[in-house]
Asks: 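Would you mind keeping the following structure in view while I ask a few things?
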Amino acid sequence: MSPKANAALLTTIYLVAGLAWIFMSDRALLELVDNSALLTTLQTFKGASYVLVTAIMLYILIYVALKRERRLSEDDSLTHLLNRHMLRQQLDSQLLVCRKNDKPLVLMLINIDDFKQINSNLSMHAGDEFLKSVADEMREQFKRQVILGRISGDEFAVVLPGAIWPEDVIPEAEQLQERIRHINIEELDELQMTACIGISMFPADGENSKELINSASLALEEAKAHGPGCIRSYKLKLQETATERARLLLDLKSAITNQHLSVVYQPQFGASTQRITGVEVLVRWHHEADGWIGPARFIPLAEQHGLICSITDFVMQTAIKELIDADLLYTDIHRVSFNVSAADFNSDKSEERFAKNLAALPGDWSVAQFELTETAALMNMPAIRKVLNSLTQRGVQVSLDDFGTGYSSLSTLRQLQMQELKIDQSFIADIASNPNDAQIVRTILAMAKALNLRVIAEGVETSSQANFLIKEGCQELQGYLYARPMNIDQLVNFLKNHTKTTTKQS
Ligand code: C2E
Ligand code: CA
Ligand code: CA
């Protein structure tokens with residue numbers, strides 16, 4: 001109903017009710033009271049209560065109207081982008097235009113990965129400054145007719161009327177991620193923030209603002225579940241995936257409590273000696289109904305929902321115990337590598353937790369190595385540096401996992417005092433056939449040599465890959481060509497046979 005019609009209706013109701021009340025109540029009083037003095041008092045009282053009731057009604061009406069007006073007009077006071085409410089309103093009006101002109105529309109929801117670490121590790125002020133910078137970057141990038149909003153703490157929205165999927169959208173999304181990565185505010189130091197983006201489209205994914213926001217939120221959840229810096233668009237199937245993920249999360253919680261997780265070990269080898277130099281510990285989950293579920297599927301979920309510390313603790317404690325019980329540690333195996341996540345370093349207790357897990361080692365802590373991905377390192381550099389500094393002083397080694405896939409400058413990463421670079425398997429896969437990949441690997445090797453870092457290549461599957469790596473001076477190799485991940489009993493057997501062959505060979 002229009003404001004005019006609304007006002008007319010309310011006034012008419014008031015007029016009818018008011019006049020009815022005056023006539024009926026006067027009549028009733030005349031019928032009931034015959035003492036004129038009492039009648040006058042009652043009429044005065046009746047008039048006063050009428051004024052009181054209408055005053056209260058007037059107050060409520062004005063209060064509700066003003067409050068609504070204020071909420072509607074308010075932009076987000078921190079970033080001066082549209083707030084959620086206004087964004088929805090403007091999105092709905094744009095949808096009307098698009099529907100009329102038969103044009104598509106795209107909604108992007110942007111969420112800053114692990115934003116809370118800025119507030120908790122740096123300061124609320126740094127958090128605010130960062131959010132303001134994101135808004136500035138958005139304004140800078142989207143100068144043309146788009147709608148920009150901040151719909152909750154660290155969640156932003158961009159509405160692109162008329163945009164064509166995917167050619168107009170993906171480059172914009174990637175450029176925005178790049179801008180966010182390069183935001184450089186004082187307190188942020190060299191910390192690089194990443195963002196996940198969820199995308200929905202009109203008319204395919206929703207008819208109105210509510211449906212489009214829901215679809216984009218699901219796409220965003222899906223992106224977050226795949227790790228930091230991902231982009232996902234909504235597909236009908238995502239509704240199922242979201243339900244499926246909720247189920248998986250519940251099951252994962254119970255798997256952690258009921259110890260349905262286990263660990264496997266993948267041996268690593270000296271390139272020239274072909275002897276075992278260490279093992280990487282990898283977590284496994286045997287799901288009662290679905291069978292084995294790979295860590296690539298559940299580790300991002302665990303990171304997102306605060307379960308990673310329990311998993312890391314389990315993996316470290318189990319591997320150390322199994323390796324000691326099998327009498328392998330410090331005898332056949334001199335290095336055991338644990339994968340750790342950025343979220344492992346978020347709490348004040350991180351250092352204490354790691355130290356407690358490592359305290360189970362009967363000897364020197366230098367047998368333990370933490371594998372940290374380049375992206376994780378950059379996500380949480382100040383906290384990670386603090387925790388790792390104290391652990392490395394006690395001998396713990398650090399390896400930079402998936403090296404080459406991030407956007408880091410090595411000078412930033414050097415703050416971590418690592419001993420090893422682990423070249424990502426994506427570069428190894430085509431090393432023998434793709435000159436670009438071969439050149440990247442050569443460059444990494446040269447750089448590592450200059451910095452006195454050990455290099456290990458992961459995902460080595462063929463002898464031509466191994467030969468290339470050995471020729472170029474890579475010190476260690478890991479991959480299916482040599483050994484697949486195996487449980488502790490298989491590792492014991494593998495070591496027995498392996499020692500026999502290497503002794504025979506030498
Ligand atoms: P990652 O750290 O890069 O681990 C290497 C992955 O590559 C492992 O997969 C391993 O089984 C696989 N792999 C090893 N050699 C080859 C090969 O020659 N060819 C191919 N195609 N693959 C090979 P997995 O066990 O599925 O682990 C996947 C990822 O999950 C790991 O990648 C790591 O990021 C994460 N992850 C595994 N265990 C843990 C854990 O205990 N904690 C944390 N935070 N993350 C873990
Ligand atoms: Ca690893
Ligand atoms: Ca890796």
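We count ligands from 1, going down the list as the structure has it; atoms in each ligand are counted the same way. No experiment lies behind these values; they were computed from the predicted model shown.
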Asks: Among all protein heavy atoms, pick the one closest to atom 12 (C) of ligand 1 and tell me residue, atom and distance.
Replies: Gln425 NE2, 3.9 Å

Asks: May I ask whether Glu280 has any heavy atom positioned less than 4.0 angstrom from an atom of ligand 1?
Replies: yes

Asks: Taking atom types as modelled, find out whether Thr373 and Asp402 have a side-chain donor-acceptor pair closer than 3.5 angstrom.
Replies: no

Asks: With ring centroids as reference points, do Phe494 and Tyr482 lie under 6.0 angstrom apart?
Replies: no

Asks: For residues Ser337 and Glu280, is any side-chain donor paired with an opposing acceptor at under 3.5 Å?
Replies: no

Asks: Heavy-atom contacts under 4.0 Å between Asp344 and ligand 1: side chain, backbone, both, or neither?
Replies: neither

Asks: Closest N/O/S atom of Glu371 to the Ca ion (ligand 2), by atom name?
Replies: OE1

Asks: Scan side-chain atoms only and decide if Gln268 and Thr277 contain a donor-acceptor pair under the 3.5 Å cut-off.
Replies: no

Asks: Give yes if a backbone or side-chain nitrogen or oxygen of Gln478 is under 3.5 Å from a nitrogen or oxygen of ligand 1, and no if not.
Replies: no

Asks: Before you tell me yes or no, could you show the steps for Phe115 and Val134 under side-chain contact (heavy atoms from CB on, under 4.5 Å), namely the whole-Å CA-CA distance, both residues' side-chain angles and the distance that decides it to 0.1 Å?
Replies: CA-CA 12 Å; Phe115 174 71; Val134 174; over 6 Å; no

Asks: Confirm or rule out an N/O/S atom of Ser337, from backbone or side chain, lying less than 3.0 Å from the Ca ion (ligand 2).
Replies: no

Asks: Report yes if some N/O of Arg284 lies less than 3.5 Å from some N/O of ligand 1; otherwise report no.
Replies: yes

Asks: Can you name the N, O or S atom of Glu280 that is closest to the Ca ion (ligand 2)?
Replies: OE2

Asks: Just jot down the ligand 1 atoms closer than 4.0 angstrom to any heavy atom of Val315, in number order.
Replies: 41 (O)

Asks: Among protein heavy atoms, which lies nearest atom 20 (C) of ligand 1, and at what distance?
Replies: Glu461 OE2, 3.1 Å

Asks: Is it true that Glu371 and Lys422 have a side-chain N and a carboxylate O under 4.0 angstrom from each other?
Replies: yes

Asks: Just jot down the ligand 1 atoms closer than 4.0 angstrom to any heavy atom of Asp402, in number order.
Replies: 3 (O)

Asks: Taking atom 1 (P) of ligand 1 as the point of reference, which of Asp401, Thr462, Ile293 owns the nearest heavy atom?
Replies: Asp401

Asks: Can you name the one residue among Leu421, Asp424, Ile423 that meets side-chain contact (heavy atoms from CB on, under 4.5 Å) with Phe403?
Replies: Leu421

Asks: Checking side-chain polar atoms at under 3.5 Å, does Glu172 have a donor or acceptor matched by the opposite partner on Gln141?
Replies: yes

Asks: Checking side-chain contact (heavy atoms from CB on, under 4.5 Å) between Glu155 and each of Ile110, Ile112, Leu109, which is the one that passes?
Replies: Leu109

Asks: Among all protein heavy atoms, pick the one closest to atom 38 (N) of ligand 1 and tell me residue, atom and distance.
Replies: Val283 N, 3.1 Å

Asks: Give the residue, atom name and distance (to 0.1 Å) of the protein heavy atom nearest atom 15 (N) of ligand 1.
Replies: Gln266 NE2, 2.9 Å

Asks: Using protein heavy atoms only, decide if any is under 4.0 Å from atom 9 (O) of ligand 1.
Replies: no

Asks: For atom 13 (N) of ligand 1, which of Trp285, Tyr480, Phe298 has the closest heavy atom?
Replies: Tyr480

Asks: Going by atom types only, do Asn83 and Asp76 share a side-chain donor-acceptor pair under 3.5 Å?
Replies: no

Asks: Ignoring angles and geometry beyond distance, decide whether Thr312 reaches within less than 3.5 Å of ligand 1 through its nitrogen or oxygen atoms.
Replies: no

Asks: Does ligand 1 have a heavy atom under 4.0 Å from the side chain of Glu303, from its backbone, from both, or from neither?
Replies: neither

Asks: Measure up the His286 and Trp292 rings against each other and bin them: parallel (under 30°), tilted (30 to 60°), perpendicular (over 60°).
Replies: perpendicular

Asks: Among all protein heavy atoms in this structure, tell me which lies nearest to atom 44 (N) of ligand 1, with the distance rounded to 0.1 Å.
Replies: Ser341 OG, 3.1 Å

Asks: Taking non-hydrogen atoms only, is Leu282 closer than 4.0 angstrom to ligand 1 via side chain, backbone, both or neither?
Replies: both

Asks: Please classify the Asn339 to ligand 1 contact at 4.0 Å (heavy-atom distances, strictly less than): side chain, backbone, both or neither.
Replies: both

Asks: Between Asn357 and Gln317, is there a side-chain donor-acceptor contact under 3.5 Å, judged purely by atom types and distance?
Replies: yes

Asks: Return the orientation label for the Phe370 and Phe354 ring planes: parallel under 30°, perpendicular over 60°, tilted otherwise.
Replies: tilted

Asks: Would you say atom 34 (O) of ligand 1 has a protein heavy atom nearer than 4.0 Å?
Replies: no

Asks: Between Asp348 and Lys386, is the closest basic N to carboxylate O distance under 4.0 Å?
Replies: no

Asks: Given Tyr265 and Asn487, is the side-chain contact (heavy atoms from CB on, under 4.5 Å) satisfied, shown in steps?
Replies: CA-CA 6 Å; Tyr265 307 84; Asn487 67 26; 5.9 Å; no

Asks: For atom 36 (N) of ligand 1, what is the nearest protein heavy atom, given as residue, atom name and distance?
Replies: Pro295 CB, 3.9 Å

Asks: Quick one: which ligand 1 atoms are inside 4.0 Å of a heavy atom on Gly479?
Replies: 15 (N), 18 (O)

Asks: Looking only at distance, does Pro485 have an N or O less than 3.5 Å from an N or O of ligand 1?
Replies: no

Asks: Report the atom name of the nearest N/O/S atom of Asp401 relative to the Ca ion (ligand 3).
Replies: OD1

Asks: Taking the basic N atoms (NZ, or NE/NH1/NH2) and the acidic carboxylate oxygens, is any pair closer than 4.0 Å for Glu352 and Lys349?
Replies: no

Asks: For ligand 1, which atoms, with element, lie under 4.0 Å from some heavy atom of Glu458?
Replies: 3 (O), 5 (C)

Asks: Answer yes or no as to whether an N/O/S atom of Asp424 is found below 3.0 Å from the Ca ion (ligand 3).
Replies: no

Asks: Could you check which N/O/S atom of Glu458 is closest to the Ca ion (ligand 3)?
Replies: OE2

Asks: Is Ile311 in contact with ligand 1, taking contact as a heavy-atom separation below 4.0 Å?
Replies: no

Asks: Do Thr392 and Met418 pass the side-chain contact (heavy atoms from CB on, under 4.5 Å) test, and can you show the C-alpha distance, the side-chain angles, and the key distance before you say yes or no?
Replies: CA-CA 9 Å; Thr392 47; Met418 64 256 181; over 6 Å; no

Asks: So which N/O/S atom does Asp402 have closest to the Ca ion (ligand 3)?
Replies: OD1

Asks: Can you list the steps and then say if Phe269 with His498 is a ring pair (Phe, Tyr, Trp, His ring centres under 6.0 Å)?
Replies: CA-CA 11 Å; Phe269 299 82; His498 181 73; 5.4 Å; yes

